[in-house]
Amino acid sequence: MAGNRTFTMIKPDAVENGHIGAILEQINASGFRIVAMKLTQMSKRDAEQFYAIHKERPFFGELVEFMTRGPIVAAILEKDNAVEDFRTLIGATNPAEAAEGTIRKKYATSIGENAVHGSDSDENALIEGDFHFSGREQF
Ligand code: GDP
C-alpha cells in the first residue's frame, strides 16, 4: 500500500492568496483520497530538516524563510500511482514551465513560491508524511 500514498503541502503563498479550497477541490476531483490533513506552521528548524536535501543550494535560506512565514496545509493523499500522478497534477517546479491546467500553472507565482509541494518518491512520501503526522492521525 505504501506505493499508493504521497505527501503534499499547500504552501504559504497559496494559503495567503485564498487558494486552499480550490486546490483541495482539484485534488479531490483528480481521484485522491485524503488520508491525513491539517493547517499548521513550520518552525525554522522544521523547514531546515524537511528540506535538508537542499541545504547546499543557493536558495536554501530563501526557501526556509518562505516556508515558515505563514501556515500551510499538510496532507497525505492516496491513489493508485499517487506520487507520479500527483507530480503530473501539480506541474513543473517553475510555473512558467508548468503545463496548462496544473495546480502550479494556476496558482504559483514563481519558482520559489510555487503553491504546492508533492513528494518525489514513495520513500520520501513516507518520510514526509511521518514528519507531519503521527500514526493515529493517518486514516
Ligand atoms: P519540487 O520537487 O518541484 O518541489 O522542486 P525541488 O525539489 O527542486 O525544490 C524544492 C522547492 O525549493 C521548490 O518547490 C521551490 O519552492 C524551491 N526552489 C526550487 N528552485 C528554486 C529557486 O531557484 N529559487 C528559489 N527561491 N526557490 C527554489
Side-chain angles (χ1 to χ4, degrees):
M1 286 308 281
N4 294 330
R5 291 186 176 191
T6 191
F7 172 77
T8 186
M9 295 182 284
I10 300 178
K11 297 185 179 184
D13 59 325
V15 173
E16 286 159 14
N17 294 328
H19 297 314
I20 295 175
I23 291 171
L24 290 178
E25 189 168 308
Q26 188 166 350
I27 289 171
N28 251 328
S30 302
F32 292 88
R33 185 179 78 82
I34 294 168
V35 172
M37 187 165 70
K38 65 182 160 195
L39 188 66
T40 185
Q41 184 163 358
M42 287 201 281
S43 67
K44 185 164 184 277
R45 197 168 157 186
D46 290 333
E48 284 172 353
Q49 191 182 333
F50 188 91
Y51 284 112
I53 193 168
H54 293 306
K55 67 176 184 294
E56 306 303 337
R57 308 281 285 275
F59 58 82
F60 185 66
E62 220 174 285
L63 176 60
V64 169
E65 181 77 16
F66 163 55
M67 288 302 297
T68 57
R69 81 171 182 222
I72 58 159
V73 174
I76 299 173
L77 305 172
E78 190 174 74
K79 182 184 181 295
D80 288 347
N81 204 33
V83 166
E84 194 186 338
D85 284 2
F86 194 72
R87 299 280 297 186
T88 302
L89 180 67
I90 68 178
T93 308
N94 185 349
E97 291 161 13
E100 236 16 89
T102 58
I103 292 174
R104 282 171 168 167
K105 183 68 172 187
K106 283 160 56 172
Y107 304 113
T109 48
S110 67
I111 190 170
E113 303 204 3
N114 59 4
V116 278
H117 168 82
S119 304
D120 63 2
S121 67
D122 291 344
E123 187 192 3
N124 284 336
L126 269 180
I127 293 168
E128 293 171 0
D130 288 345
F131 182 88
H132 283 274
F133 297 98
S134 69
R136 66 187 170 83
E137 292 175 310
Q138 302 183 27
F139 299 90

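All values reported here derive from a predicted model rather than from experimental measurement. Numbers for residues simply follow the sequence, beginning at 1. Quick note: numbers below take in every heavy atom, side chains included, and nothing from hydrogens, waters or symmetry partners. Indexing begins at 1, ligand by ligand and atom by atom, following the structure's order.
- Protein heavy atom in closest approach to atom 26 (N) of ligand 1: Glu62 OE2, 2.8 Å.
- The environment of CD in Glu137 is crowded: more than 12 heavy-atom neighbours from other residues, nucleotides or ligands sit within 6.0 Å.
- Atom 3 (O) of ligand 1 has its closest protein heavy atom at Thr93 OG1, 2.5 Å.
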Can you list the steps and then say if Tyr51 with Phe60 is a ring-ring contact (aromatic ring centres under 6.0 Å, His included)?
-> CA-CA 8 Å; Tyr51 284 112; Phe60 185 66; 7.8 Å; no
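- Between Lys79 and Asp85 the shortest heavy-atom distance is NZ-OD2, 2.5 Å.
- With respect to Leu89, the side chain to side chain contact (heavy atoms under 4.5 Å, CB included) criterion is satisfied by exactly one of Val116, Ile27, Thr8: Ile27.
- Given atom 25 (C) of ligand 1, the protein heavy atom at minimum distance is Phe59 CB, 3.5 Å.
- Protein heavy atom at the shortest distance from atom 11 (C) of ligand 1 is Leu63 CD1, 4.1 Å.
- In terms of protein heavy-atom proximity, atom 15 (C) of ligand 1 is nearest to Ile111 O, 3.3 Å.
- Scanning the protein for heavy atoms near atom 16 (O) of ligand 1, the closest one is Gly112 O, 2.8 Å.
- Using cut-offs of 30° and 60° for the angle between ring planes, the Phe7 and Phe50 rings count as tilted.
- Counting protein heavy atoms only, atom 4 (O) of ligand 1 is closest to Arg104 NH2, 3.1 Å.
- Pro95 and Ile111 get closest at one heavy-atom pair: CD-N, 3.8 Å.
- For Asn114, the closest heavy-atom approach to ligand 1 falls below 4.0 Å.
- Taking the six-membered ring where tryptophan is involved, the planes of Phe59 and His54 are tilted, since the angle between them lies from 30° to 60°.
- Looking at ligand 1, you won't find any N or O of Glu113 less than 3.5 Å from one of its N or O atoms.
- Checking Glu65, His54, His117, Arg87 against atom 2 (O) of ligand 1, the nearest heavy atom belongs to Arg87.
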